[in-house]
Amino acid sequence: MHVRTRFAPSPTGYLHVGGARTALFNYLFARKHDGTFVLRVEDTDQARNTDEARAAIFDGMSWLGLDWDEGEGKGGDFGPYNQSQRTAHYDKWFDVLKQKDRVYEDDGAWRFRFERKPITMTDLVCGEVTIDYTNLDNTPDMVVRRSDGSYVFHFVNVVDDLEMQITHVIRGEDHLMNTPKHLQLFEAFGVEPPQYAHIPLILNADGSKMSKRDTGAAVGDYSRQGYLPEGVVNFLALLGWNPKTDEEVFTLAELVDRFSLENVNRSPARFDLEKCAWLNQQHLLKLSPDDFAAAAKPFVEAAGLPITDRYPAAAAAVREKVRLLPEVPAALDFLLLDEIAIEDEPLAKVKNNAAAKELLAALAESFAGIQNWSADTAKQAIGETAQANGAKPGQLMFPTRVALSGKAGGPDLGDILAILGKDESVKRLRSFAEKL
RNA sequence: GACCCGUUCGUCUAGUGGUUAGGACUCCAGAUUUUCAUUCUGGCAACAGGGGUUCGACUCCCCUACGGGUUGCCA
């Protein structure tokens with residue numbers, strides 16, 4: 001069997017992380033089985049559809065790296081892939097229902113007559129679930145065609161899945177109770193239904209239902225906030241699915257290799273940005289220095305910092321210090337700026353050390369005398385200067401760091417010295433010593 | 001209200017009758033790095049509650065509580 005999955009969002013807002021995860025699981029399952037991943041846009045709600053929302057779907061999917069095989073921009077043999085263009089298909093299948101006397105008119109709309117019997121589905125994640133359709137309380141005959149002639153979600157969704165030959169429907173658990181309705185439709189059409197897998201929903205950090213406006217709800221926010229798509233994909237995959245090993249850091253390709261619906265759990269997961277940030281850092285560390293510098297550049301520019309020729313080295317020096325790209329500007333600003341600000345706390349610490357002023361002044365002269373400037377020769381000078389003044393090298397490291405960066409933490413001191421160069425280092429040392 | 005699904009450290013999770021209940025994030029402490037970060041080691045921290053079944057339940061059954069979902073001429 002050739003596996004065909006689909007992601008079928010409606011363009012009524014931005015791309016939601018819950019939707020993105022649904023898309024991811026469909027993508028992983030299709031790729032895992034060398035199948036086809038279809039992107040279908042369910043734009044039947046004319047009143048709420050917007051072009052921005054359409055674009056957000058494609059942009060979000062592309063950013064995450066979830067490339068689809070059929071749909072927008074790709075074509076395919078089962079189009080059109082926008083429901084708004086498929087009316088003729090729906091009319092055709094609606095006639096089938098009519099001919100079989102499975103629909104009846106009600107106030108101008110058409111309702112589908114459910115068979116009144118228990119419907120059991122075998123869900124790939126939830127197992128067997130039975131809904132009793134003899135209980136009319138929860139299962140009134142559903143409208144499939146509105147009085148204005150348009151068709152409702154349940155109907156078009158089933159017709160599309162059937163015509164597009166979808167074999168596996170992986171969707172959010174909010175659709176679990178819809179599935180018997182869809183099964184009844186398939187049965188009425190005389191068509192074998194696809195297999196279903198309902199994945200648990202994503203909740204807010206406090207356990208409440210995640211909806212629009214909630215932190216982290218929009219996929220587009222992640223790129224703006226400096227997350228890597230690999231980090232977000234990795235995080236989303238681990239929400240409700242697990243590889244049954246202690247490994248956690250995976251690329252998209254590795255996820256494809258390990259993915260299985262059997263390892264999807266059934267309980268909803270909360271959204272913990274802390275772990276997402278950590279995963280992001282793990283993926284940041286996998287980047288080459290050049291790729292890292294390129295990825296961080298927009299954030300450095302946005303912070304108003306000049307991209308000088310020191311930038312590539314500066315970016316490389318802070319690569320291991322950040323979890324998120326927006327942290328980069330503050331981490332390397334002193335390497336790009338001519339005038340640096342000395343932070344209060346480290347300054348106070350240095351002032352506590354009575355010998356600091358003399359030590360730093362002596363170090364400046366020692367630096368000035370170095371012929372072949374490098375991280376090693378500079379660090380050697382620190383050691384010698386400290387010793388000559390009866391201090392330990394470690395005692396001089398911190399004041400030097402503060403003099404050069406204005407901060408208590410940051411890149412390796414050797415890196416800082418090498419990037420700044422001899423003249424700039426001497427200059428900063430002298431000017432700082434004078435302030436003490 | 002009715003119906004459906006769920007409930008293991010704060011969070012993500014492993015665990016399918018007998019385990020010192022494991023890992024990861026966060027936090028804390030040590031080590032290493034002559035500095036910072038990384039890294040390493042260690043620590044804190046969980047089976048929602050009550051009944052059964054069983055020699056023995058986190059694991060099976062029932063009830064309760066809590067959470068989520070569905071119950072639209074939204075998708």
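Below, all heavy atoms of this structure are taken into account, side chains as well, without hydrogens, waters or symmetry copies.
The distance from atom CD1 of A:Ile416 to atom C1' of B:rC36 is 8 Å, rounded to the nearest whole Å. Regarding A:Leu420, its CG atom lies at a distance of 19 Å from the P atom of B:rC36, rounded to whole Å. Protein atom CG of A:Leu359 is 19 Å distant from nucleotide atom P of B:rU34, rounded to whole Å. In this structure, NZ of A:Lys321 is placed 11 Å from P of B:rU39, rounded to the nearest angstrom. In this structure, A:Tyr133 places its OH atom 12 Å from P of B:rC4, rounding to the nearest Å. With rounding to whole Å, A:Lys379 atom NZ is found 12 Å from B:rC36 atom P. Between A:Glu327 atom CD and B:rC36 atom P the separation is 19 Å, expressed in whole Å. Taking atom CG of A:Asp123 as the reference point, atom P of B:rC5 lies 11 Å away to the nearest angstrom.
Take A:Glu173 and apply the salt bridge (Lys or Arg N to Asp or Glu O under 4.0 Å) test, not counting sequence neighbours, and it matches no residue.
Taking atom C1' in both B:rG69 and B:rC55, one finds a spacing of 41 Å when rounded to whole Å. Here, B:rC44 and B:rG22 have their P atoms 11 Å apart, quoted to the whole Å. B:rU13 and B:rC47 have their C1' atoms separated by 13 Å, with the value rounded to a whole Å. For B:rU35 and B:rA48, the P atoms lie 46 Å apart once the distance is rounded to whole Å. Comparing B:rG6 with B:rC63, their P atoms are spaced 14 Å from each other, to the whole Å. Taking atom C1' in both B:rG68 and B:rC36, the straight-line distance is 45 Å, to the nearest Å. Taking the C1' atom of each, B:rC28 and B:rG10 are spaced 15 Å apart, rounded to whole Å. Nucleotides B:rA75 and B:rU38 place their C1' atoms 47 Å apart, quoted to the nearest Å.
For the OP1/OP2 pair of B:rC4 and a distance below 4.0 Å, the side-chain nitrogens and oxygens of A:Arg266 include no atom meeting the criterion. Residue A:Lys244 has a polar side-chain atom (N or O) positioned under 4.0 Å from OP1 or OP2 of B:rG15.
At the heavy-atom level, A:Arg171 lies nowhere under 4.0 Å from the strands shown. Here A:Leu239 lies in heavy-atom contact (under 4.0 Å) with sugar-phosphate atoms only. Looking at heavy-atom distances under 4.0 Å, A:Glu274 makes contact with sugar-phosphate atoms alone, never a base. A:Gly409 comes within 4.0 angstrom of sugar-phosphate atoms only, judged by non-hydrogen atoms across all strands, and of no base. Among the atoms of the strands shown, only primed sugar atoms or phosphate atoms (P, OP1, OP2) are found under 4.0 Å from some heavy atom of A:Gly240.
Mapping A:Gln282 and A:Asn263 onto RNA chain B by nearest heavy atom places A:Asn263 closer to the 5' end of the strand.
For A:Phe235 and A:Phe271, the gap between ring centers is short of 6.0 Å. Ring-centre distance between A:Phe29 and A:Tyr27: not below the 6.0 Å cut-off. Separation of the A:Phe259 and A:Phe25 ring centroids falls under the 6.0 Å cut-off. Residues A:Phe153 and A:His175 place their aromatic rings such that the two centres sit under 6.0 Å apart.
For the salt bridge (charged side-chain N to carboxylate O under 4.0 Å, His left out) criterion with A:Glu187, the lone passing option out of A:Lys117, A:Arg102, A:Lys100 is A:Lys117. With respect to A:Asp161, the salt bridge (charged side-chain N to carboxylate O under 4.0 Å, His left out) criterion is satisfied by exactly one of A:Arg6, A:Arg171, A:Arg4: A:Arg6.
Taking the ring axis of A:Trp110 as reference, the NZ or CZ atom of A:Lys98 stays within 45° of it and closer than 6.0 Å to the ring centre.
Using Watson-Crick or G-U wobble geometry with both donor-acceptor distances under 3.5 Å, B:rG1 finds its partner in B:rU71. Base-pair partner of B:rC40: B:rG30 (Watson-Crick or G-U wobble, both distances under 3.5 Å). Nucleotide B:rC66 forms a Watson-Crick or G-U wobble pair with B:rG6, both donor-acceptor distances falling under 3.5 Å.
Ring pair A:Tyr151/A:Phe155 is parallel by interplanar angle, where below 30° counts as parallel and above 60° as perpendicular.
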If you restrict it to nitrogen or oxygen atoms, what contacts under 3.5 Å exist between nucleotides 22-24 of chain B and the protein, and what is each distance?
from, atom 1, to, atom 2, distance (Å)
B:rA24, O4', A:Glu248, OE1, 3.3
B:rA24, O2', A:Glu248, OE1, 2.2
B:rA24, O2', A:Lys275, NZ, 3.3
B:rA24, N3, A:Lys275, NZ, 3.0

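Looking at A:Arg113 and A:Asp141, no side-chain N of the basic residue comes within less than 4.0 Å of a carboxylate O on the acidic one, giving no salt bridge.
Between A:Leu124 and A:Ala197, the shortest heavy-atom contact is CB-CB, 3.8 Å.
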Contact string for nucleotides 63-75 of chain B, one letter per nucleotide 5' to 3', B = base within protein heavy-atom range under 4.0 Å, S = sugar-phosphate only, - = neither, reads -----SBSSSBBB
